[in-house]
Novice: 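My questions will all concern the structure given below.
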Amino acid sequence: MNVASLQQQFTSDLAGAASEADLRALRDKYLARKGGLVSNLLKDVASAPAEQRPVLGRQANELKQHIDTQLTERLAQAAARKPAADAIDVTLAGRAPFIGHRHPLTLLRDRIESFFLRQGFLIVEGPELEDDYHNFEALNMPAEHPARDMQDTLYLASPVTSAVGSPATLLRTHTSGMQVRYMERFPPPVRLIAPGRVYRRDNLDLTHTPMFTQVEGLVVGENVTLADLKGTLETFAHDLFGPERRTRFRPSFFPYTEPSGELDISCGVCGGTGRAPADARSVSPKPAERQAGEGGCAMCKQTGWVEVLGSGMVHPAVFEAVGYDPERYTGFAFGVGIERLALLKWGVEDIRLFYENDLRFLEQFPL
Ligand code: DAH
């Protein structure tokens with residue numbers, strides 16, 4: 001290979017060298033002591049006829065010098081372009097900060113509140129430490145009344161005196177006492193919901209926690225009827241669970257309402273058929289229970305219906321206790337458990353999951 005063509009080859013190689021590694025490879029290719037193209041050329045010079053050697057030798061050395069200068073220069077440029085070791089690469093994709101969000105039970109409570117706000121209801125809150133009068137007596141459950149056994153009450157070791165009212169002796173077992181607290185202070189008409197925590201002496205299991213959340217509702221006026229109760233609660237159930245779910249009222253008993261009824265909706269797991277759904281896993285956590293439920297839907301115990309809430313027309317005795325005229329006013333009331341709604345709405349099998357604070361569970365609930 002002659003000097004001129006080697007020079008040409010280098011020029012085109014250099015033009016194609018993009019990276020620092022390419023440049024180093026070129027240095028090897030041309031200048032390596034062993035096998036480098038220019039080194040080989042210099043060896044050829046040694047075996048050339050004596051009269052050509054000085055010229056060839058000078059040309060070959062000039063080429064070697066040229067290649068060395070070019071590569072050194074380009075390598076220096078590449079090094080200058082390289083970012084410092086501690087440089088920040090502003091083109092890297094950003095890392096999104098972890099954004100927290102509200103607890104599913106809070107989301108559900110907000111949703112319930114916004115439904116009733118749209119219907120013109122007021123939201124009130126009251127004490128979790130309650131006295132016997134508001135939790136039981138004024139609700140037509142005098143001492144020794146057997147209905148007190150419907151709820152296992154947690155009593156305080158010693159009464160707690162507050163600025164207003166009589167000393168609290170218990171943790172409220174339901175939010176129904178808020179009906180009394182509100183009517184004692186304000187005249188009719190009334191249209192309110194009272195959300196809040198309630199407590200019962202229940203052991204933890206799939207469907208029970210000693211503390212849970214209720215929303216109480218109360219509507220009182222001169223012409224409030226059972227039709228108003230049904231219309232309001234059916235609209236509520238459809239808003240929360242979807243218009244395709246069927247509803248029904250089943251007679252029940254509560255001392256503070258007469259008549260009393262429980263609202264059921266058609267089961268969301270089996271579609272109201274009572275038969276086992278194709279995917280029974282969404283209902284029963286344990287294989288044994290799943291097997292037991294194989295003949296039918298475990299969520300609704302094969303009835304096709306699930307219970308949503310308790311309700312009724314306010315008992316005249318409650319109106320008398322708060323000083324409302326039962327001849328003039330009528331009203332309806334209801335109480336609903338937020339956890340229970342959550343289990344039904346999302347098909348969750350174990351209420352305890354809502355309190356274990358495992359983010360993998362809690363992050364699954366958009367509303
Ligand atoms: N207090 C009842 C409970 O805790 C729920 C309830 C039923 C509330 C009927 C009401 C009602 O206001 O009318 O299970």
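Just the heavy atoms: all of them, side chains too, but no hydrogens, waters or symmetry mates, feed the values below. Every number for a ligand or one of its atoms is a count from 1 in the order of the listing.
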Novice: Using atom types as modelled, flag every donor-acceptor pair under 3.5 Å from a side chain in residues 50-58 to any protein atom, sequence neighbours excluded.
Specialist:
unit_1: Arg53; atom_1: NE; unit_2: Ala48; atom_2: O; d: 3.0
unit_1: Arg53; atom_1: NH2; unit_2: Ala48; atom_2: O; d: 3.4

Novice: Show me, by chain and number, every protein residue that has a heavy-atom distance under 4.0 Å to ligand 1.
Specialist: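 Ligand 1 pocket, heavy atoms under 4.0 Å: Gln151, His174, Ser176, Gln179, Arg200, Gln214, Glu216, Phe254, Tyr256, Thr257, Gly310, Ser311, Gly312, Ala333, Phe334, Gly335.
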Novice: How would you list all residue pairs meeting ring-ring contact (aromatic ring centres under 6.0 Å, His included) that involve residues 76-107, not counting sequence neighbours?
Specialist: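 Applying ring-ring contact (aromatic ring centres under 6.0 Å, His included) to every pair that reaches into residues 76-107, excluding sequence neighbours, yields nothing.
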Novice: Would you say the ring centers of Tyr256 and His174 fall short of 6.0 Å from each other?
Specialist: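 Judged by ring-centre distance (under 6.0 Å), Tyr256 and His174 do meet the cut-off.
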Novice: Report the residues that fulfil side chain to side chain contact (heavy atoms under 4.5 Å, CB included) with Glu20, sequence neighbours left out, ordered by chain and then residue number.
Specialist: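 Arg24, Leu75, Ala78, Lys82.
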Novice: Ignoring hydrogens and angles, tell me if any N or O in the side chain of Arg191 forms a donor-acceptor pair with the backbone of Gln119 under 3.5 Å.
Specialist: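 A pair under 3.5 Å: yes.
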Novice: Within 45 degrees of the ring normal and closer than 6.0 Å to the centroid, is that where the cationic atom of Arg250 sits relative to Trp305?
Specialist: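 That pair does not qualify as a cation-pi contact.
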